[in-house]
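In what follows, every chain begins at residue 1, and chains take the letters A, B, ... in the order their sequences are listed.
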Amino acid sequence: MRYLVTNQPALFDNSNIEELYDYHIISPQECLRRIDSLTLIGLDTETKGFDPYTKSLLCFQLGDKDNQYVVDMTVDIQLFKNFLEDTKRTFILHNAKFDLRFFLHLRIVITNVFDTYLAEKILYLGYPPGVHEMSLKACCERYLNVTLDKEIRGVIHREGLSARVIKYAADDVKYIVELYAEQMKALAEKDLIKAIEVENKFVVVLAYIEYSGIKLDIQKWKDKMATDKAAFDKAKETLDTWVLQNADDEFISQDLQGDLFLGYSPKKCGISWSSPKQVIPLFESLGFNLIVKDKKTGILKKSVEAKVIEPQLKISPLASLYLDYKQAEKVISTYGQTFLDQINPVSGRIHTQYNQLMDTTRLSSGGKNKDTGEEYINLQNIPSDEITRACFVSSPGHVLIDCDYTAQEDLIFTELSKETKLIEFYNSKEKRDGHSFVAKMCFPKDLDGVPELEVKGKFPKLRSDAKKAKFAIHYGGNGSTIARNLSLPLELGNAIEKSYLTSFPGIHNYFKQVKKEAWERGYILLSPITKHKHYIYNWKELQDTQKSMDQTFWELYRTEKQLDSPLFKNELKPMVTQFVQQKGSIERHAMNYPVQGSSAIMTKVAGVFFFNYLKQNNLLFKVWICNAVHDELLVEAPEDIKDSVANALQWSMEYAGTIFCKVVKLKAVPEMATYWIH
DNA sequence: ATCTGTAGCGCC
DNA sequence: AAAGGGCGCTACAGAT
């Protein structure tokens with residue numbers, strides 16, 4: 001049965017409509033009486049837009065399969081506050097973050113939610129965009145064979161709470177409880193109950209983070225923009241001048257505009273510096289080697305990216321001028337006016353949006369709403385120089401508290417691999433130097449007998465090489481990667497990899513184990529604690545391909561290779577290449593994803609602990625959570641309670657650390673200032 | 001004029 | 001028989 005909950009029954013009291021569309025009109029008090037016994041409740045809202053500060057609710061809907069209640073805005077929503085905040089009830093929503101922001105704006109904090117959108121993402125984590133639809137409509141069709149009419153979104157703004165709008169609004173909560181039940185079965189089968197619990201708890205925090213927003217000092221930002229623009233103009237000018245004075249004629253053009261007035265044609269630089277296509281010939285003419293292998297396709301190509309040019313800086317002064325230009329260009333384009341445009345007119349703050357579940361369970365930030373065209377900035381790649389960070393400030397009477405984990409991924413890696421030398425290193429009471437420690441493992445002969453703390457002074461090159469080598473290996477690289485990154489011969493790269501894996505047998509075994517498991521199971525276990533999983537979406541297909549590569553296949557392969565036949569070139573070789581690339585990619589993911597994923601989940605759990613602290617101490621809407629950047633939380637607190645809030649933040653993060661790391665201890669140190677220190 | 005893919009680079 | 005993880009945004013370049 002459908003109900004319209006309203007304080008103005010006269011407007012809707014039309015018996016014909018009631019017959020036609022089958023709904024009853026009741027008062028909010030009557031509604032509350034009827035829903036009092038419910039413990040699993042579908043919840044949804046219809047709103048006038050996406051931003052709770054500038055747009056308002058049109059209605060909200062509660063209910064289950066038997067009864068649905070559409071509450072219009074003649075009703076004082078605060079009458080429902082106790083009901084909605086009751087933690088003994090579970091509210092089931094699809095993409096809860098959206099609705100929760102609107103309730104937060106009304107100071108209604110719903111904490112016990114089950115998000116069917118997140119559940120579907122958890123069940124199919126790893127599937128590329130578009131391969132597995134996550135919408136409520138798609139889920140209802142998939143699990144319940146029910147087709148929802150989503151046209152309501154457009155209709156409700158035109159005709160308000162008409163009878164058919166009430167029907168469709170009610171439908172959005174009518175089926176979701178059954179959807180929840182079906183998803184729970186699937187989650188239990190895949191051992192994902194713990195994982196969805198974490199995400200359901202965190203979505204409440206994430207809604208609060210988005211609602212909190214962050215304050216940007218407009219004048220500081222404008223000053224920075226002016227400085228950046230001047231630096232960019234100067235960098236461009238310097239490049240142009242260099243070309244006019246040093247480059248071949250083919251890179252210099254006649255300025256035809258000037259011709260008219262001056263009577264002659266002044267020369268000007270003919271290169272658009274933002275166009276790699278135009279810059280590549282210039283660098284080649286100067287003797288740079290720009291040939292690299294494409295990461296995705298493996299095809300050789302030319303590139304002027306920083307990591308290609310940096311090792312060749314000595315060839316021409318143009319190289320460092322160009323890198324300066326690229327940096328200046330990035331700063332003025334990505335970190336400029338768009339930030340000012342996104343300051344909310346009501347809150348005066350920037351409220352960006354976050355995606356809660358990327359392939360490794362990390363958050364991402366930014367994006368664009370395809371329906372409205374609204375754009376959001378990425379708050380996770382703000383340049384870390386102090387001038388830029390100083391533009392993000394606390395409100396008067398408040399401070400910003402930044403807290404990040406020290407070496408979060410290294411410690412998670414130690415926990416997962418159980419490498420005894422790493423455990424010992426991180427638990428050591430003496431003063432240690434991590435990169436020197438690793439250097440001694442990478443270069444056991446060169447550094448034999450050299451005390452760890454003397455490596456930095458005596459062998460700085462080996463130390464920095466070891467740092468890069470460790471980085472490469474932990475991300476799934478190998479000897480050839482190391483050789484390329486350190487500009488060493490392949491044999492040396494291989495030797496470093498071998499030394500590293502021999503010195504750390506626990507790491508070697510761990511890598512072998514996770515690669516094998518991923519391939520056997522069809523998923524990568526992201527956390528042994530929460531059991532989040534990254535599914536290899538085309539695993540069955542890959543298995544079939546592998547099966548087809550039997551002895552007969554390889555005999556054919558060798559024969560055709562000898563002949564260099566069209567069959568080999570057009571079919572066999574591409575097939576093998578694609579298979580080997582995909583398998584290699586999965587194995588690298590298997591080595592890295594659990595580290596990245598466990599870290600991300602740890603930070604989410606820390607966020608949940610901190611949010612609970614705020615709630616229990618009546619500090620919600622007094623203390624804000626402004627940003628989350630993978631291993632870091634940024635909080636804004638009133639000056640007079642800053643120390644206790646900082647302590648709680650530190651405790652939340654370190655306690656979350658103890659859940660995921662048993663053999664080593666995570667540290668998180670808060671720092672406070674009137675701007676974003678990090 | 002608008003869309004799509006690529007190259008490059010900011011953060012962790 | 002390939003060969004460093006995750007993201008999002010901007011410019012260019014080519015297609016429609």
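For the OP1/OP2 pair of dG8(B) and a distance below 4.0 Å, the side-chain nitrogens and oxygens of Ser303(A) include at least one atom meeting the criterion. Here His589(A) reaches the OP1 or OP2 of dG6(C): one of its side-chain N or O atoms lies under 4.0 Å away. Checking the phosphate oxygens (OP1, OP2) of dG5(C), a side-chain nitrogen or oxygen of Arg588(A) falls inside 4.0 Å. Within the structure, a side-chain polar atom (N or O) of Ser384(A) is placed less than 4.0 Å from OP1 or OP2 of dC11(B). Between Lys368(A) and dC9(C) there is no side-chain polar atom (N or O) within less than 4.0 angstrom of OP1 or OP2. Distances shown here put a side-chain N or O of His678(A) below 4.0 Å from the OP1 or OP2 atom of dC12(B).
Counting only N and O atoms by type, the side chains of Asn627(A) and Tyr354(A) include a donor and acceptor under 3.5 Å apart.
Closest approach to the Phe471(A) side chain among dC12(B), dG4(C), dG8(C) is made by dG4(C) (side chain taken as heavy atoms from C-beta onward). Considering only the side chain of Asn381(A), dG8(C) comes nearest among dG8(C), dC12(B), dC9(B). The Asn378(A) side chain lies nearest to dC9(C) when the options are dA2(C), dC9(C), dG5(C). With dC11(B), dA2(C), dG6(C) as the choices, the nucleotide that has an atom nearest any side-chain atom of Asp359(A) turns out to be dG6(C).
Here, dC12(B) and dG4(C) have their C1' atoms 15 Å apart, quoted to the whole Å. Using atom P as the reference point in both dA2(C) and dG8(B), the two lie 23 Å apart (nearest Å).
Qualifying ring pair (Phe, Tyr, Trp, His ring centres under 6.0 Å) partners for Tyr124(A), counting only residues two or more places apart in sequence or in other chains: Tyr127(A), His132(A). Tyr593(A) meets the ring pair (Phe, Tyr, Trp, His ring centres under 6.0 Å) test with His534(A), His589(A); sequence neighbours excluded. A search for side-chain contact (heavy atoms from CB on, under 4.5 Å) contacts involving Glu517(A) returns Gln513(A), Arg521(A), not counting sequence neighbours. With sequence neighbours excluded, no residue forms a side chain to side chain donor-acceptor pair (under 3.5 Å) with Ser652(A).
Between Leu634(A) atom CG and dC12(B) atom P the separation is 13 Å, expressed in whole Å. Going from atom CH2 of Trp273(A) over to atom P of dG8(B) covers 15 Å, rounded to whole Å. For the pair Asn592(A) CG and dC7(C) C1', the interatomic distance rounds to 12 Å; values are reported in whole Å. Protein atom CD of Glu587(A) is 13 Å distant from nucleotide atom P of dG4(C), rounded to whole Å. The CE atom of Met358(A) sits 18 Å away from the P atom of dC12(B) (whole-angstrom rounding). Summarising the geometry, the separation between CD on Glu409(A) and C1' on dG5(C) is reported as 8 Å, rounded to the nearest angstrom. Taking atom CZ of Phe339(A) as the reference point, atom P of dC11(B) lies 12 Å away to the nearest angstrom. Asp228(A) places its CG atom 15 Å from the C1' atom of dC9(B), with the value rounded to the nearest Å.
Shown for residues 478-488 of chain A: residues whose heavy atoms fall under 4.0 angstrom of DNA chain C, namely Asn478(A), Thr481(A), Arg484(A), Asn485(A).
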Checklist outcome for this item: With B for base contact, S for sugar-phosphate-only contact and - for none (protein heavy atoms under 4.0 Å), nucleotides 10-16 of chain C reads SSSSS--
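Counting non-hydrogen atoms of other residues, nucleotides and ligands closer than 6.0 Å to NZ of Lys665(A) gives a total above 12.
Residues Cys442(A) and Asp465(A) fail the side-chain proximity criterion, which asks for heavy atoms closer than 4.5 Å.
Residue pairs satisfying the ring pair (Phe, Tyr, Trp, His ring centres under 6.0 Å) criterion with at least one member in residues 479-498 of chain A, sequence neighbours excluded, are absent. For residues 356-377 of chain A, no pair satisfies ring pair (Phe, Tyr, Trp, His ring centres under 6.0 Å), with sequence neighbours left out.
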Side-chain donor-acceptor distances from residues 330-338 of chain A under 3.5 Å, at least two apart:
| from | atom 1 | to | atom 2 | distance (Å) |
| --- | --- | --- | --- | --- |
| Ser333(A) | OG | Glu329(A) | O | 2.8 |
| Ser333(A) | OG | Lys330(A) | O | 3.2 |
| Tyr335(A) | OH | Asn381(A) | O | 2.5 |
| Tyr335(A) | OH | Asn381(A) | ND2 | 3.3 |
| Gln337(A) | NE2 | Asp341(A) | OD1 | 2.8 |

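Residue Gly366(A) is classed as a sugar-phosphate contact, given heavy-atom separations below 4.0 Å to backbone atoms only. Using a 4.0 Å heavy-atom distance criterion, Ala600(A) is classed as making no nucleic acid contact. At a threshold of 4.0 angstrom between heavy atoms, the contacts of Lys302(A) with the nucleic acid are absent. Base contact: Gln596(A) has a heavy atom under 4.0 Å from a base atom. Note on Tyr322(A): nothing from the nucleic acid sits closer than 4.0 angstrom, heavy atoms only. As judged by a 4.0 angstrom heavy-atom cut-off over every strand, Val331(A) is placed among residues making no nucleic acid contact.
Ring pair Trp221(A)/Phe392(A) is perpendicular by interplanar angle, where above 60° counts as perpendicular and below 30° as parallel.
Ring-base stacking between Tyr475(A) and dG4(C) is not satisfied when judged by a centre separation under 5.5 Å and a plane angle under 30°.
Each of Lys573(A) and Ser585(A) lies near DNA chain C, and the nucleotide nearest Lys573(A) is the one positioned closer to the 5' end.
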Checklist entry - Under the side chain to side chain donor-acceptor pair (under 3.5 Å) criterion, do His532(A) and Glu199(A) qualify, and how do the steps go? => result CA-CA 10 Å; His532(A) 283 75; Glu199(A) 301 302 337; 2.8 Å; yes
